Each structure stands twice: as structure tokens, then as C-alpha cells.
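Below is one structure, written out as C-alpha cells; the observations come after it.
A quick note: this is a predicted structure, and the numbers were derived from the prediction, not measured.
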Amino acid sequence: MKQYIKVFTFAFLCQISALSTFAQSEMLNLSGLLTQKKHAEIVIWSDIAGKKSMVTSYVLNPENSRFFLAIPYRPEASYQLQVTIMKMGHLRLERDFVANFPLQLKPNQNVQLSLNPAEFDGKTSKGMVIQKQAPKPQTASVSGKLVDWKLGGELLVEKVVEGRLEKVAGFIVEKEQPYFTFLMPVQSPGFYYLSTTRWKKRLYLKPNDQIVLNVDGQFAVKTDWVKTTAENKILADWTTLIFPVTGYGYNLEQRSKATVDSAAFSSGYQALQPKIKAFLQQTNSPNAAFNQQFKTVVRMDNSLIALRSMLYQGGKKHLFWLPAKEYANVPMQYTEILDQNKVTSVDLLQLGEGNEYLNLAAKFSLNGLDEAKRAKLGDAGKLQVMMAAVPNETLKSYLLKSQLEELNVVNYSEFKAAFLPFAKYAKPASVKKKYDNVLHQFASDTAFIGKSAYDFVLQDVNGKAASMKDFKGKVVLIDVWATWCGPCKAQMPFLKEVEEAYKGNDNIVFIGISVDAESAKQKWLDMIKEKDLHGVQLIDFSGKSFAQKYKINAIPRFLLIDKQGNWVEVRCPLPEDKVKLKTYIDRELNKGV
């Protein structure tokens with residue numbers, strides 16, 4: 001009864017606060033068009049008595065050049081619009097150009113802008129034009145209040161792109177005035193997510209929808225829907241139904257406690273299954289398309305509850321803040337539920353958790369394999385099992401992308417074994433881009449692998465010349481490092497462990513090649529003594545003779561030469577992965593034995 005009174009009181013107070021949401025500050029709408037197809041971010045800044053604060057933001061990409069911003073107007077504030085144009089860097093988007101424009105705003109105003117990056121000069125307001133008449137695309141609004149919003153911060157709206165979430169807009173929600181308003185283009189119905197750094201809330205938006213809600217700002221556990229739609233009411237009822245197993249951390253086992261209550265979670269999860277089945281049978285909305293998508297939501301969410309809770313990390317129960325690895329020894333009751341709720345349709349890609357489910361469900365296909373079988377398969381073999389577990393060809397493409405991001409392939413040989421067999425699935429633009437980027441990292445390796453390594457001579461600690469010819473008939477592991485390189489020094493203890501494993505084996509030699517400048521030669525010699533470095537130590541002054549020839553642009557780098565003096569690999573696993581590195585070495589030592 002006390003809990004009921006508490007919830008009722010929360011809802012009542014939220015309704016009262018909703019009535020005064022927009023009395024706190026008058027709102028105005030700012031929309032516009034970026035005339036060039038670019039990645040960009042629009043940010044509105046306010047300045048009150050010299051204190052600058054970010055108010056709201058909107059993200060643009062080449063496929064979406066229109067922006068929509070709702071701005072709380074304050075007469076004492078001056079406003080500025082900032083446009084950051086992005087460009088593709090080596091691995092990610094990077095800032096290309098920033099332009100700032102003062103804004104003259106009035107309450108209850110609707111402003112239409114046109115922004116032309118070709119005219120930005122950084123000194124004047126060229127490039128921004130206020131439009132008198134502009135096309136008004138279909139939009140949806142989401143507004144309300146964050147209750148118990150103790151610290152203040154940014155609230156985001158995210159959209160779904162290929163089963164993942166991408167930021168659409170941000171709103172700085174102040175602790176003192178915890179109200180927010182989002183105005184977004186919604187050309188076709190679909191799922192969006194309200195999110196903070198602590199929680200995400202799924203919404204379903206159609207063109208012209210107006211949603212008003214008051215959300216518990218701490219964990220989004222309690223929500224009062226002041227104005228909603230039939231679809232969002234169903235989503236809210238669904239969230240309430242599964243809350244007993246989806247609290248903080250997404251399940252009972254992860255509710256910020258060090259101890260794990262597996263029995264409580266298992267009991268609660270299994271007891272929920274008939275209720276979920278009944279809920280799905282009884283739930284219906286006037287929106288037939290939503291009804292079909294909601295079936296996917298239920299099956300996916302139900303599966304994710306189990307998949308997230310059963311993860312193992314190094315043989316121990318996975319905690320939600322650690323990265324996922326693999327599944328092992330999952331109880332049969334979970335396997336049965338996962339089989340019953342398996343999702344294999346491309347509808348997954350319309351949900352923000354779709355990619356996560358796809359990846360975890362594919363990993364679950366390894367559950368029946370013991371450690372010996374997993375070790376024998378290696379990363380390439382395990383990927384083959386995972387890809388075979390996904391029957392849908394389109395979903396295979398996005399699983400491939402996920403694994404391109406996750407699997408730590410270190411050279412072309414590993415890329416070839418793991419990913420080359422699935423090249424035909426790298427057809428969607430985003431998948432092909434990721435595939436090509438990973439391949440590009442290792443493409444230069446093929447120019448050296450299998451070729452002779454006998455074409456360089458370097459100086460040793462005594463100033464004498466040493467050539468690779470001196471080590472003919474031996475397997476050679478080379479460590480390229482420098483005295484100024486922190487990651488290089490971090491690998492030294494692990495390298496010593498590898499060297500110790502081959503102590504007394506005359507068929508292998510370990511060589512260190514420093515790329516320090518000639519002026520740092522004494523520092524190099526001192527570090528060899530300080531770190532008690534073993535093996536043969538050589539120096540390649542500033543990398544001019546060795547590193548540049550073999551296109552070594554980043555260190556540490558470990559390279560392997562076979563007994564015939566040919567390159568086996570010019571990019572080996574780091575010594576911290578001792579088992580994997582020894583696999584490379586042992587394979588060469590055992591050839592011809």
C-alpha cells in the first residue's frame with residue numbers, strides 16, 4: 001500500500017509539474033537547412049552575464065541536411081549558433097571547420113535558416129541566411145521534465161541506424177529548471193530513444209506526434225505520461241511488466257551489488273515467461289505495422305534479458321560494466337527460452353538494441369563447445385560458427401561488421417583467415433567501409449611476407465654491425481621499440497616471459513631494434529641495462545634503415561622471420577598475449593621437425 005501511495009504521489013506531482021513545464025521559460029523553434037551534404041553538428045549557446053552555456057544541439061549527416069531545435073528563450077540572454085563541419089579522418093570523423101553566428105531571438109518565434117558551408121570564413125556572418133518562407137517537413141515533438149534530476153546534464157534523442165543508436169539532438173537540462181523539448185523530423189514511423197549516461201527509454205514516434213512525459217532522472221524507473229500515443233502506452237506497459245528482471249544494470253544479478261543472486265534472477269525470469277506470452281496475445285494497437293514490430297521487440301527484449309545475464313568473463317560471471325566475451329555452460333532452461341524467442345528477421349535493424357542482440361545471439365551458438373574445442377577453432381573458426389548461426393543474409397552482413405569491430409586481428413594472415421571467407425557479405429555501404437578500413441591496415445604486409453629479410457645491417461651495443469644473415473637457420477622474433485615509447489616498455493615484462501619459455505632453445509633468437517635518434521644512443525644503452533633486456537639489441541637511428549623500409553609507423557611492433565630468412569609476419573601479436581604469440585613461434589620452430 002505504501003508503494004502504491006508513493007507511485008500515485010509521484011504521478012500526481014508530475015502532472016502538476018507538467019502543467020507548468022513551459023511556464024518556466026518561453027520556447028521558440030529554430031530550423032533550417034545545411035546546403036551542402038556534410039557531417040556537421042549545430043549547437044546553440046547562450047550567454048548570461050558573461051557565462052556561456054550550451055543549450056541544445058543537433059547532428060547532421062550527408063543523408064539528413066535539415067535541423068530542428070527547440071530553444072528556451074530568456075530575455076537576459078544573448079544567443080549564438082555554432083556550426084562544426086566534420087571530415088573523415090584516418091579512422092573516424094574529425095573537426096574540419098567551425099563557424100559562429102550571433103542570433104537575434106524573440107519569444108514564441110519560429111526561425112528558418114539556410115547555412116552554406118562554402119561561404120563560411122570564420123570572421124564574418126557570411127553563409128547564414130534567414131529564410132522568409134521554407135518548406136515545413138513533418139516533425140514530432142517530445143517534451144517534459146526530468147524529476148529528481150540532481151546534477152543536471154545533457155539529455156539526448158537517438159535514432160536507430162542499422163540496429164545501433166546515433167545521436168539526433170541534445171538538450172542541456174539544468175538542475176534548477178529540469179525541462180526539455182525536442183522537435184525532430186519524422187518522415188516515417190519508427191523507434192527513437194531518450195537517453196542519458198545512465199539510462200535509455202524507447203519511444204515510438206509518428207509524424208506530428210506530440211509526446212509529453214515526466215521521467216525519473218536517476219534511472220528512468222518511473223515515468224508519468226502526460227500526453228502519449230497508443231504505441232507508447234504499449235511500450236510503457238511492456239517496460240512495467242519486465243521491470244522485475246530489468247532494473248538497474250538490466251537484471252537482478254547486476255543491481256550494483258558485488259554478490260550475484262542467480263537463483264533469484266532465474267526464478268523471476270522463468271516466472272515471467274507465461275506473463276509475457278499472455279501480454280503479447282492481449283496487446284494490440286490500431287497501428288498494424290507497430291503491432292508487427294512490437295512482436296520483435298518482445299522476443300528481442302526477452303532474449304536480451306537472458307543473454308546479458310549469462311555472459312562469462314574469464315570463467316567468472318560477467319558484470320555489466322565489463323566487455324562481453326563468450327558464453328559457457330548456460331543452463332538448459334535459458335537455452336529453451338532463447339530458442340523460443342529467436343529473432344532472425346531484418347526488423348532487428350529497426351531497434352537500437354538490434355545489433356547487440358545479433359552479436360550476442362551469434363556468440364551463444366558457441367555455448368556447446370568446451371574450452372579445448374574453442375581453442376582449436378581459434379577466432380576464425382569461431383566466427384564461422386557464429387556466421388552459420390545467422391540464417392538471414394542481411395543480418396550476416398551486420399554481424400560481420402560487428403566482428404570486424406570486435407575481433408583483434410593483428411595482421412593480414414589473421415584477417416585473411418577470419419574475414420576473407422565472408423567478403424561477399426560486405427555489400428551494405430557501412431559494412432564495406434569497415435571491411436575495407438580493416439583490410440587497409442594490413443594490405444602493405446603482403447609486400448613483405450614470404451620475402452627475404454637479409455637486406456639490412458644495424459649496429460649492436462658494442463658498435464659492431466649485425467646482419468640478419470648472422471642468424472641464418474634460426475627463427476627470429478624482432479621487437480621494434482624506443483626509449484620514449486611507454487607501450488613498448490609495458491610489453492618488456494611480457495617479452496621476458498616469452499623469452500624464458502624458450503630458454504636453452506638454440507633454434508630461436510630474440511632481437512630488439514630501437515628507433516631512437518643517434519643523439520639518444522646512450523639513453524638506449526642505459527635502458528638496456530636498467531630493464532635487463534636480453535637477446536640481441538640493435539639500433540636503427542630514427543628508423544631510417546629498418547623501420548621506414550618496412551613501413552613501421554607505430555610501435556611497439558613485433559616481426560617474425562623463419563629459418564630460411566624469410567618474413568613470416570611483419571605484424572605479430574603483442575607479448576601480453578603470450579599464448580597467441582607462442583603459437584606463431586612454435587609453428588615456425590616445428591616446421592621440418
Side-chain angles (χ1 to χ4, degrees), residues 7 10-22 27 29 31 68-70 136-147 155-161 165-166 168-169 171 173 179-196 199-217 220-243 246 276 278-301 347-354:
V7 172
F10 173 83
F12 178 72
L13 292 174
C14 285
Q15 288 183 1
I16 292 175
S17 67
L19 297 176
S20 60
T21 293
F22 302 108
M27 304 299 293
N29 294 330
S31 60
F68 301 83
L69 297 161
K136 193 173 182 180
Q138 292 178 308
T139 60
S141 67
V142 179
S143 59
K145 178 182 179 181
L146 295 182
V147 181
L155 179 67
L156 302 181
V157 167
E158 298 175 294
K159 65 180 179 180
V160 181
V161 179
L165 293 178
E166 288 187 4
V168 176
F171 197 98
V173 185
Y179 306 100
F180 61 88
T181 300
F182 292 100
L183 184 67
M184 297 164 297
V186 177
Q187 301 299 323
S188 57
F191 292 97
Y192 292 78
Y193 291 71
L194 271 183
S195 66
T196 69
W199 52 261
K200 294 183 184 296
K201 178 171 286 294
R202 185 188 291 140
L203 303 175
Y204 185 86
L205 298 180
K206 307 185 301 297
N208 303 316
D209 274 353
Q210 293 183 345
I211 307 297
V212 181
L213 69 163
N214 295 288
V215 188
D216 164 26
V221 172
K222 301 172 185 176
T223 303
D224 173 54
W225 298 83
V226 179
K227 189 173 184 180
T228 188
T229 61
E231 297 90 352
N232 283 298
K233 185 178 186 310
I234 290 172
L235 289 176
D237 290 343
W238 167 242
T239 301
T240 300
L241 177 67
I242 62 174
F243 175 71
T246 59
I276 290 176
F279 180 85
L280 193 56
Q281 290 173 343
Q282 297 166 6
T283 301
N284 204 20
S285 80
N287 186 338
F290 171 81
N291 294 337
Q292 184 60 40
Q293 290 175 317
F294 185 66
K295 293 177 182 177
T296 300
V297 168
V298 171
R299 291 198 300 271
M300 182 197 71
D301 282 356
D347 286 349
L348 271 178
L349 302 178
Q350 299 176 37
L351 297 167
E353 305 86 355

Contact summary for G217 and L146, nearest pair of heavy atoms: CA-CB, 4.4 Å
Spatial distance of atom OG1 (T296) from atom CG (D301) [nearest 0.5 Å]: 10.5 Å
Spatial distance of atom CG (N284) from atom CG (N291) [nearest 0.5 Å]: 4.5 Å
Test side chain to side chain contact (heavy atoms under 4.5 Å, CB included) applied to V226 and I211, L213, N214, the passing residue: N214
Member of D209, V142, T139 meeting the side chain to side chain contact (heavy atoms under 4.5 Å, CB included) criterion with M184: V142
Candidate list K201, K200, R202, test salt bridge (Lys or Arg N to Asp or Glu O under 4.0 Å), partner E158, passing option: K200
CG on L194 to OG1 on T223, rounded to 0.5 Å: 9.0 Å
Nearest-0.5 Å distance that lies between atom CD in Q138 and atom CG in L205: 13.0 Å
Flag side-chain contact, heavy atom, 4.5 Å: E353 against Y193: yes
V297 versus W238, closest heavy-atom pair with distance: CG1-NE1, 4.1 Å
Residues V168, F182; criterion side chain to side chain contact (heavy atoms under 4.5 Å, CB included); working and verdict: CA-CA 10 Å; V168 176; F182 292 100; over 6 Å; no
Closest non-hydrogen atom pair, N232 against L203: OD1-CA, 3.4 Å
L165 versus G352, closest heavy-atom pair with distance: CD2-CA, 3.6 Å
ring-ring contact (aromatic ring centres under 6.0 Å, His included) partners of F290, counting only residues at least two apart: Y204, F294
Minimum heavy-atom distance between K233 and T228, given as atom pair plus value: N-OG1, 4.0 Å
Distance, nearest 0.5 Å, that separates CZ of F180 from OG of S143: 6.5 Å
Side-chain heavy-atom pair V157, F171 within 4.5 angstrom cut-off: no
Residues D216, W199; criterion side chain to side chain contact (heavy atoms under 4.5 Å, CB included); working and verdict: CA-CA 10 Å; D216 164 26; W199 52 261; over 6 Å; no
Reported CD-to-CG distance for the pair Q210 and L183, which is rounded to 0.5 angstrom: 9.5 Å
Worked verdict on K206 versus T229 for side chain to side chain donor-acceptor pair (under 3.5 Å): CA-CA 9 Å; K206 307 185 301 297; T229 61; 4.5 Å; no
Nearest heavy atoms of Y192 and P185, plus distance in Å: OH-O, 3.9 Å
